[in-house]
Undergrad: 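The structure's right below; bear with me while I get my questions together.
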Amino acid sequence: MSAQRRRGLFIVLEGIDGSGKTTQARALLRRLRRRGLKAAFFREPTRGRWGREIKRLAARAGSLTPEEELALFVKDRRENVARNLRPALEAGTIVVLDRYYFSTIAYQGAKGIDPERIRRMNEAFAVRPDLVIVIHVDAADGLARIRGRKTRDELFERQDYLVRVAGLFRRFAGPHIVHIDGRGDKAAIGRAIWAEVEPLL
Ligand code: TYD
């Protein structure tokens, strides 16, 4: 079984701001660890130099063009793939990642950049996930959920923008992509996610 696996399982959670994906990613991690499995959690944007740069610049609305934004997310991701994701997977660890290049396709795509170009750019270097779980909530509900958060960031949280982002997230299709309704209660969503992950273990 796991001894024959050449690399760990790579699971990505995606969704708009306020979709609950971070909560679900952490719940999934706890479930995996309770099973005695070695699992690591990472997120994008990272807390590395490019991720911090993204945060700093995002705090000043309009300081970046969509292309500049795209370039920074890709730099951050290259570093994450090389420093964190690849080494963990090669060590046989299960990786749970909160946002990946599907976020770039949806968020920077919603700013007018060709989604296919974003995909090609990323797939040229990014490790392919074994499972991508996209959690869906309405933009208004997502915004309502994060309204109270201190780290709220004006640049990324406008509702009309998030409606377009959500529309792009809905378009993802493929054998490794699963769409989950994020409107129910947390535990039920957690069980729906686990039902997708467990058969892959
Ligand atoms: P988020 O996951 O909310 O991070 P945090 O919880 O640390 O604030 O991501 C921050 C914002 O960055 C979010 O609105 C989505 C956006 N984003 C992109 O626009 N493109 C990307 O490629 C990624 C990874 C995130």
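Atoms within a ligand are numbered from 1 in the order they appear, just like the ligands themselves.
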Undergrad: Look at Lys21 together with Asp98 and state whether they make a salt bridge at an N to O cut-off of under 4.0 Å.
TA: yes

Undergrad: List ligand 1 atoms under 4.0 Å from Gln108, heavy atoms only on the residue side.
TA: 18 (C), 19 (O), 20 (N), 21 (C), 22 (O)

Undergrad: Considering both backbone and side-chain atoms of Glu69, is one of its nitrogen or oxygen atoms within less than 3.5 Å of a nitrogen or oxygen in ligand 1?
TA: no

Undergrad: Specify side chain, backbone, both or neither for Arg47, according to which of its non-hydrogen atoms lie closer than 4.0 Å to ligand 1.
TA: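 For Arg47, the contact with ligand 1 is made by the side chain alone.
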
Undergrad: Ignoring angles and geometry beyond distance, decide whether Arg99 reaches within less than 3.5 Å of ligand 1 through its nitrogen or oxygen atoms.
TA: yes

Undergrad: Test the Arg77-Phe125 pair against the cation-pi criterion, namely NZ or CZ under 6.0 angstrom from the six-membered ring centroid and within 45° of the ring axis.
TA: no

Undergrad: Will you find, in the side chains of Tyr107 and Arg164, an N or O donor that is under 3.5 Å from an N or O acceptor?
TA: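 The criterion, which ignores hydrogens and geometry beyond distance, is not satisfied for Arg164 and Tyr107.
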
Undergrad: For the rings on Phe10 and Phe42, is their centre-to-centre separation under 6.0 Å?
TA: no

Undergrad: Checking the N or O distance criterion of under 3.5 Å, is ligand 1 in contact with Thr104?
TA: yes

Undergrad: Is the backbone of Gly48 close enough, under 3.5 Å, to the side chain of Thr46 for a donor and an acceptor to pair up by distance?
TA: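 Yes.
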
Undergrad: State the atoms of ligand 1, each with its element, that fall below the 4.0 Å cut-off from a heavy-atom position in Lys21.
TA: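 Those qualifying, in numeric order: 2 (O).
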
Undergrad: Could you walk me through whether Ser103 and Glu14 pass side-chain hydrogen bond (donor to acceptor under 3.5 Å, both in side chains), step by step?
TA: CA-CA 7 Å; Ser103 276; Glu14 292 279 7; 2.5 Å; yes

Undergrad: With salt bridge (charged side-chain N to carboxylate O under 4.0 Å, His left out) as the test, would you mind laying out the steps for Arg49 and Glu79 before giving the verdict?
TA: CA-CA 9 Å; Arg49 61 183 160 152; Glu79 199 169 89; 2.9 Å; yes

Undergrad: Would you mind listing which atoms of ligand 1 come within a distance below 4.0 Å of any non-hydrogen atom of Arg43?
TA: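 So the atoms of ligand 1 that pass are 5 (P), 6 (O), 7 (O).
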
Undergrad: Under 4.0 Å from a heavy atom of Lys55: give me the atoms of ligand 1 that qualify, with their elements.
TA: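 Going through ligand 1 atom by atom, the ones under 4.0 Å from Lys55 are 4 (O), 5 (P), 7 (O), 8 (O).
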
Undergrad: Any idea which part of Asp17 is under 4.0 Å from ligand 1, heavy-atom wise: side chain, backbone, both or neither?
TA: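 Looking at Asp17 and ligand 1, just side chain atoms fall under 4.0 Å.
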
Undergrad: For ligand 1, which atoms, with element, lie under 4.0 Å from some heavy atom of Arg77?
TA: 22 (O), 24 (C)

